[in-house]
Amino acid sequence: MSDLESKTRYDPSEVEPRIAQRWLDSGLFHPEPAGAPSENYSIAIPLPNVTGVLHMGHALNNSIQDCLIRRQRMRGVRAKWILGTDHAGIGTQIQVERAVVREGTSREELGREAFVERVWAWRDEYGGQIIEQLKRLGASLDYEDERFTLDEGYARAVQDVFVALYNKGYIYRDRYLVNWDPGMGSAISDLEVEQREVTDTLYYIDYPLVTGSGSVTIATVRPETMLADVAIAVHPDDDRYRRLVGEKAVLPLVGRKLKIIADEYVKPDFGTGALKITPGHDPADFDIGQRHGLPQISVIGEDGRMIEPAPERFVGMTALECRDAVVAELREQGLINRTEEYLHEVPYSQRSGERIEPLISLQWFMRMDELVKPAIDVVNSGHVRLWPENYKRVYLSWMENIRPWTISRQLWWGHQIPVWYRGDERYVGTEPPPGDGWTRDPDVLDTWFSSGLFPFAALGWPEETPALQAFYPTDALVTARDIIFLWVARMVMLGIEFTGQIPFTDVYVHSIIQAPDGRRMSKSLGTGIDPMDLIEGGPRPPVFAQGGQPAGDFPAYGADAVRWGLLAMSSAQDVKFAEDKVAQAQQLTNKLWNASRLILLGVGEDARAAISPRTVEDRWILARLERAKADTSARIDRFDFSHAALGLYDFVYGDLCDWYLELVKPRLRAGEPELAGTLLHVLTQTLALVHPVMPFVTEEIYSYVPGADGLLAAGIPDVGETRDDAAAEAAIMRLIEAVQALRAWRDQAGVRPGATLPARLTVSGGYEDTAEHLQRLARVAFAEPDDGEQPVASVPIQGGAVEIFPSGELDLEAAGRKVAARREQLEAEIQRAERKLSNDGFVAKAPKDVVDAERDKLTRLREELAAL
RNA sequence: GGGCGCGUAGCUCAGUGGGAGAGCGCUCGCUUCACACGCGAGAGGUCGCUGGUUCGAGCCCAGCCGUGCCCACCA
């Protein structure tokens with residue numbers, strides 16, 4: 001007990017690492033597989049990158065999941081939070097490539113085998129940092145059962161899925177226009193492309209007609225791609241060009257004859273109304289080319305340099321160099337009609353940040369049209385629910401317009417595609433083909449292909465493992481919206497396809513935490529913070545010094561504070577990070593600690609744990625406690641974490657500390673034996689209630705509770721029962737209002753805070769059980785004056801008034817001002833109520849209880865005025 | 001171009017039809033024996049603007065202004 005006595009402040013830095021270790025040593029987070037998924041509870045973590053570090057989004061995301069998991073575990077449910085890390089093909093490969101370059105070598109020099117070995121070594125050295133950070137956050141993941149998406153067993157699942165989908169005809173290889181990322185040297189999927197606003201020069205170029213009479217002018221921002229033009233398109237109804245349809249123009253610099261075609265896609269009012277068609281380097285043109293059976297010509301290679309059949313003098317130039325060369329030649333020939341500045345959106349690679357080069361490439365694709373159907377059905381039918389519900393429409397509209405998925409990546413780090421070639425032969429299988437002369441497809445699969453299998457592959461699929469039988473399907477999936485399509489939608493599709501079951505029933509989409517100035521948190525912008533700097537103390541970037549927070553380092557707020565703060569901040573939409581909330585939470589941990597000190601040091605070590613409410617305040621706090629439990633539970637069921645967190649704060653600060661503990665202090669000091677049981681009950685139930693949000697401080701305090709053995713995290717019996725007690729609630733509510741009225745009156749009347757005023761309670765009733773409390777908390781003493789002295793002031797309270805007798809402590813003038821002010825306020829409110837009640841429309845049309853309530857109010861106000 | 005949000009106290013945000021709220025900040029007071037990371041009492045808002053529906057609108061409807069995000073093949 002010595003710590004309790006001596007430590008008047010709660011110190012998370014000392015407590016949290018110690019508690020985290022206790023949890024890990026207990027094995028509590030590792031449930032043995034048993035029972036059925038319907039009676040168990042499981043969540044699959046959004047796979048962190050193996051070489052990643054925790055950012056604010058992770059901190060919120062995992063605080064939410066931990067809250068859900070801990071709540072279930074404490075109820076005695078077998079709860080498993082499935083842990084894995086993602087090999088993150090692109091990101092990890094780029095990191096290691098940079099490292100080897102710094103060492104003076106390169107990926108190419110090392111060769112595939114050596115490079116991949118190098119990545120594994122990198123992963124062993126730097127990987128797993130994020131796991132340690134999750135432990136520090138208090139995340140109760142099953143650390144004893146950690147997967148990696150490149151593990152042997154996981155790889156087997158990936159290959160099985162590939163082969164099965166190939167055999168079904170869903171996976172195919174094709175030459176198609178893809179998003180080529182020159183920075184990575186790989187194709188990427190549509191979802192990895194982002195649009196950025198760019199100012200380009202729009203060139204108007206004359207294409208002479210074959211007839212020699214005139215020309216057609218087209219507009220383009222990419223003149224270098226004209227070398228791959230195969231046609232010119234105009235709108236069929238465009239009178240300016242109608243007579244030209246079917247004729248031909250000469251492609252400048254190349255000499256190829258381009259047919260002039262008509263296509264509805266062309267916008268007559270944009271540019272010149274004539275569009276050059278370049279199926280090899282533009283997605284829209286690719287489609288038009290297919291409609292009209294046009295050839296596809298490529299003049300830009302995968303290295304971003306010009307290739308044949310571009311005229312030889314351009315070959316080898318970068319696309320940008322070529323643009324300048326092409327423009328120069330066109331200028332010489334007088335074919336540049338004019339130019340203008342043009343602001344438009346251009347595709348960029350999210351990964352490398354380079355501008356996407358659309359080009360035709362031989363890649364692997366996955367057909368989605370069949371897979372998507374059941375994934376749409378399960379959302380429509382409500383078997384998979386999205387929270388908030390808005391996302392249902394977002395999900396469905398994406399699913400309904402889904403296109404083939406480019407799944408091959410020209411990388412070395414990842415799941416190599418299980419396809420072998422020998423001449424014209426192709427072999428697809430999970431094992432290498434027999435015989436000699438086979439070459440394996442060098443590409444690897446998109447990382448999201450493997451992570452899309454996570455909920456079942458992590459549990460051992462395709463083996464029918466006990467873990468799979470016990471914990472799949474999972475229950476909730478918690479994520480920010482940025483990976484709904486990349487990950488969530490694909491898990492639903494692949495889960496249904498390969499297990500015949502939905503992978504989870506609820507998808508909760510939480511906020512994205514922005515910097516205080518509303519920008520996205522980002523390291524490069526200087527708008528990001530490391531959650532560890534909040535937990536353990538660390539540098540506060542300038543952007544975060546706003547909002548009244550002092551400059552300098554963050555204090556060591558502790559994981560509990562960060563968790564509560566993030567939950568309190570979160571909502572259905574994006575929120576700005578508010579350090580205030582974290583600070584508020586830290587105060588809550590301290591409040592819990594000190595309230596517990598009061599109780600635990602007060603009741604002594606031999607206290608009984610049985611509840612024995614003796615007084616009205618005992619009955620009141622038990623009713624309030626049960627209500628707080630029910631409210632919190634309902635809020636978490638609705639994934640309303642901010643109100644859950646704020647509600648816990650209100651209960652602890654308001655009901656428990658401000659009122660109940662203050663009310664029972666005299667009984668506590670008197671050592672009343674019945675009180676101890678009630679206090680310990682309220683304390684332990686409160687600790688259990690708060691624990692899913694603030695696990696550390698509650699676990700620490702629980703270790704001091706007499707008779708408590710084991711871990712709070714394992715749950716304690718919920719001995720609460722329905723304790724609605726309207727009478728007690730009304731009585732304490734009257735008391736609270738009366739105390740506040742008297743305190744306000746005293747303050748305004750300039751009464752010395754410590755002074756006890758002689759007074760008389762003049763009420764019709766309702767204070768039988770609380771008059772003692774009222775006297776102590778408001779510092780008044782009820783007594784009849786023996787000399788028949790008259791009161792000098794009357795403080796109205798529910799049901800009557802407290803009349804104050806003269807004493808040396810009273811400043812009558814100030815008291816008079818206070819009374820006058822209150823009278824003015826009352827008269828205004830009475831007028832307002834009278835006006836409302838004299839409105840015939842209100843009395844006639846408003847619901848009866850509303851009208852009655854208004855009448856009651858008026859009566860009360862008049863009584864109070866009279867009492868003054 | 002389509003879709004989804006947001007605009008409430010100095011700051012960050014609750015509040016979705018019947019008397020405007022919280023935390024922080026601010027003012028005043030308090031070494032009250034759990035906590036000064038505390039306690040008590042206050043000040044502070046024409047709820048973006050304009051119209052409408054209603055007995056009654058921060059809340060419902062329409063328009064406008066401002067602002068954020070998602071999706072989309074206008075060169």
Side-chain angles (χ1 to χ4, degrees), chain A residues 4 8-10 177 195 202 218-222 225 233 265-267 269-278 282-288 342 344-345 347 358 390-391 393-394 397-398 401 481-482 484-485 512 514 516 518 520 546-549 555 557 561 568-569 571-581 583-602 642-643 646 649-650 657-658 661-662 665 668-669 739-740 743-748 750 752-754 777 779 829 832-833 836 839-847 849-851 853-854 857:
Chain A
L4 263 187
T8 60
R9 286 184 183 182
Y10 174 68
L177 192 82
Q195 304 292 323
L202 188 59
I218 59 88
T220 181
V221 292
R222 303 200 57 198
T225 64
Y265 168 79
V266 183
K267 307 272 185 297
D269 54 353
F270 189 88
T272 62
L275 178 63
K276 78 185 191 66
I277 302 299
T278 320
D282 183 278
D285 294 5
F286 185 86
D287 290 345
I288 295 173
Y342 181 54
H344 65 149
E345 301 235 298
N390 299 0
Y391 285 104
R393 232 182 317 168
V394 178
S397 71
W398 186 75
N401 297 303
R481 73 180 122 68
D482 50 356
I484 293 178
F485 305 140
I512 290 175
Q514 301 171 327
R520 284 191 84 123
Q546 299 168 350
Q549 290 300 332
Y557 284 118
M569 269 178 248
S571 73
Q573 64 214 28
D574 294 354
V575 291
K576 292 176 198 157
F577 178 79
E579 189 180 339
D580 286 353
K581 283 280 188 295
Q584 185 182 351
Q586 189 198 20
Q587 289 168 351
L588 177 57
T589 60
N590 194 55
K591 197 71 173 171
L592 278 168
W593 174 253
N594 276 296
S596 304
R597 289 178 66 226
L598 174 69
I599 293 171
L600 294 173
L601 295 172
S642 72
H643 287 103
L646 292 165
Y649 180 94
D650 287 343
C657 294
D658 288 350
L661 293 181
E662 293 301 330
K665 269 180 183 175
L668 187 60
R669 279 192 216 105
V739 169
Q740 288 175 333
R743 281 173 177 169
W745 182 87
R746 292 172 60 112
D747 201 62
Q748 303 283 307
R752 191 170 57 82
L777 295 177
R779 295 197 184 229
E829 284 186 35
R832 184 190 170 125
K836 206 165 179 179
N839 179 339
D840 292 339
F842 175 71
V843 179
K845 297 193 180 177
D849 53 325
V850 174
V851 178
E854 198 65 26
K857 185 173 85 184

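Chain letters run A, B, ... following the sequence lines, proteins first and then strands; every chain starts at 1.
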Identify the pairs formed between an N or O of the protein and an N or O of nucleotides 14-17 of chain B at a distance under 3.5 Å, and give each distance.
{"from": "B:rA14", "atom 1": "O3'", "to": "A:His643", "atom 2": "NE2", "distance (Å)": "3.4"}
{"from": "B:rA14", "atom 1": "O2'", "to": "A:His643", "atom 2": "NE2", "distance (Å)": "2.7"}

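- The nucleotide B:rG40 finds its pairing partner in B:rC28, both defining distances of the Watson-Crick or G-U wobble pair being shorter than 3.5 Å.
- Of the candidates B:rA34, B:rG40, B:rC73, B:rC73 carries the atom nearest the A:Asp287 side chain, counting heavy atoms from C-beta on.
- For the pair A:Asn594 CG and B:rC33 P, the interatomic distance rounds to 13 Å; values are reported in whole Å.
- Between the P atoms of B:rC60 and B:rA14, the separation comes to 15 Å (whole Å).
- One interatomic measurement links the two molecules: CG of A:Asn390 to P of B:rC4, which rounds to 9 Å at whole-angstrom precision.
- Distances were taken from every side-chain heavy atom of A:Glu662 (C-beta onward) to each of B:rC35, B:rG42, B:rA75; the shortest belongs to B:rC35.
- On the C1' atoms, B:rG66 is 8 Å away from B:rG48, given to the nearest whole Å.
- Salt-bridge check for A:Lys857 with A:Glu854: passed, with a basic side-chain N closer than 4.0 Å to an acidic carboxylate O.
- Base pairing of B:rC60: its partner is B:rG52, meeting the Watson-Crick or G-U wobble criterion (both donor-acceptor distances under 3.5 Å).
- With hydrogens and angles ignored, no donor-acceptor pair under 3.5 angstrom links the side chain of A:Gln587 to the base of B:rA36.
- Relative to the side chain of A:Tyr649, the nucleotides B:rU32, B:rG23, B:rG38 differ in distance, and B:rG23 lies closest.
- When heavy atoms are screened at a 4.0 angstrom cut-off, A:Arg481 is found touching the sugar-phosphate backbone but no base atom.
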Listing time: all N or O pairs from protein to nucleotides 55-59 of chain B that are below 3.5 Å?
{"from": "B:rC55", "atom 1": "OP1", "to": "A:Lys845", "atom 2": "NZ", "distance (Å)": "2.1"}
{"from": "B:rC55", "atom 1": "O2'", "to": "A:Asn839", "atom 2": "ND2", "distance (Å)": "2.9"}

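- As judged by a 4.0 angstrom heavy-atom cut-off over every strand, A:Arg9 is placed among the base-contacting residues.
- Below 30°, between 30° and 60°, or above 60°: for A:Phe485 and A:Trp398 the angle between ring planes is below 30°, a parallel geometry.
- Going from the P atom of B:rG38 to that of B:rG23 covers 12 Å, rounded to whole Å.
- Counting only heavy atoms from C-beta outward, the side chains of A:Ile599 and A:Leu661 approach each other to under 4.5 Å.
- Distance from the side chain of A:Lys665 is smallest to B:rA34 among B:rA34, B:rG23, B:rU32.
- Of the N and O atoms on the side chains of A:Tyr10 and A:Gln586, not one donor lies less than 3.5 Å from an acceptor on the other residue.
- For the C1' atoms, the distance linking B:rG17 with B:rG56 amounts to 8 Å, nearest Å.
- Checked for salt-bridge contact, A:Asp574 and A:Arg481 meet the test: a charged N lies under 4.0 Å from a carboxylate O.
- For B:rC74, neither phosphate oxygen OP1 nor OP2 lies less than 4.0 angstrom from any side-chain nitrogen or oxygen of A:His344.
- Take the nearest nucleotide of RNA chain B for A:Gln740 and for A:Arg222: the residue whose nucleotide is more 5' is A:Gln740.
- You won't find any donor-acceptor pair under 3.5 Å spanning the side chain of A:Glu854 and the base of B:rG18, going by distance alone.
- Note that the CD1 atom of A:Ile288 and the CG atom of A:Leu275 stand 5.5 Å from one another [nearest 0.5 Å].
- Note that A:Lys845 lies outside the cation-pi zone of A:Phe842, set by a 6.0 Å cut-off to the ring centre and a 45° limit from the axis.
- One cannot find a donor-acceptor pair under 3.5 Å joining the base of B:rG23 and the side-chain atoms of A:Lys581.
- Distances from the side chain of A:Asp747 to the nucleotides B:rG40, B:rC4, B:rA34 place B:rG40 closest.
- Remark: the separation of the C1' atoms in B:rA62 and B:rA22 is 33 Å, to the nearest Å.
- In this structure, the side chain of A:Arg597 engages the main chain of A:Leu4 through a donor-acceptor pair within 3.5 Å.
- Comparing B:rC74, B:rG23, B:rG19 by their nearest atom to the side chain of A:Phe270 picks out B:rC74.
- At a threshold of 4.0 angstrom between heavy atoms, the contacts of A:Lys576 are confined to the sugar-phosphate backbone, with no base atom among them.
- Separation of the C1' atoms belonging to B:rC37 and B:rG25 is 16 Å when rounded to the nearest angstrom.
- Between A:Glu662 and A:Cys657, the shortest heavy-atom distance links the atoms CG-O, 3.6 Å.
- Position along RNA chain B of the nearest nucleotide to A:Ala578 versus A:Val850 favours A:Ala578 as the more 5'-ward residue.
- Residue-level contact check: A:Gln748 touches the backbone only, with heavy atoms under 4.0 Å from sugar-phosphate atoms and none from bases.
- For A:Lys267 and B:rA75, a side-chain-to-base donor-acceptor distance below 3.5 Å is absent, hydrogens and geometry of angles not being considered.
- For B:rC39 and B:rC24, the P atoms lie 9 Å apart once the distance is rounded to whole Å.
- Heavy atoms only, all atoms of each residue included: A:Val266 and A:Gly273 are closest at CG1-O, 3.4 Å.
- Here the OG1 atom belonging to A:Thr220 is positioned 10.5 Å from the OH atom belonging to A:Tyr342, to the nearest 0.5 angstrom.
- Distance noted for atom P between B:rC59 and B:rG68: 24 Å (whole Å).
- Side chain to side chain, A:Thr278 and A:Lys276 meet the donor-acceptor criterion of an N or O pair below 3.5 Å.
- Within 4.0 Å (heavy atoms only), A:Tyr265 reaches at least one base atom of the nucleic acid.
- Note on A:Glu345: a base of the nucleic acid sits closer than 4.0 angstrom, heavy atoms only.
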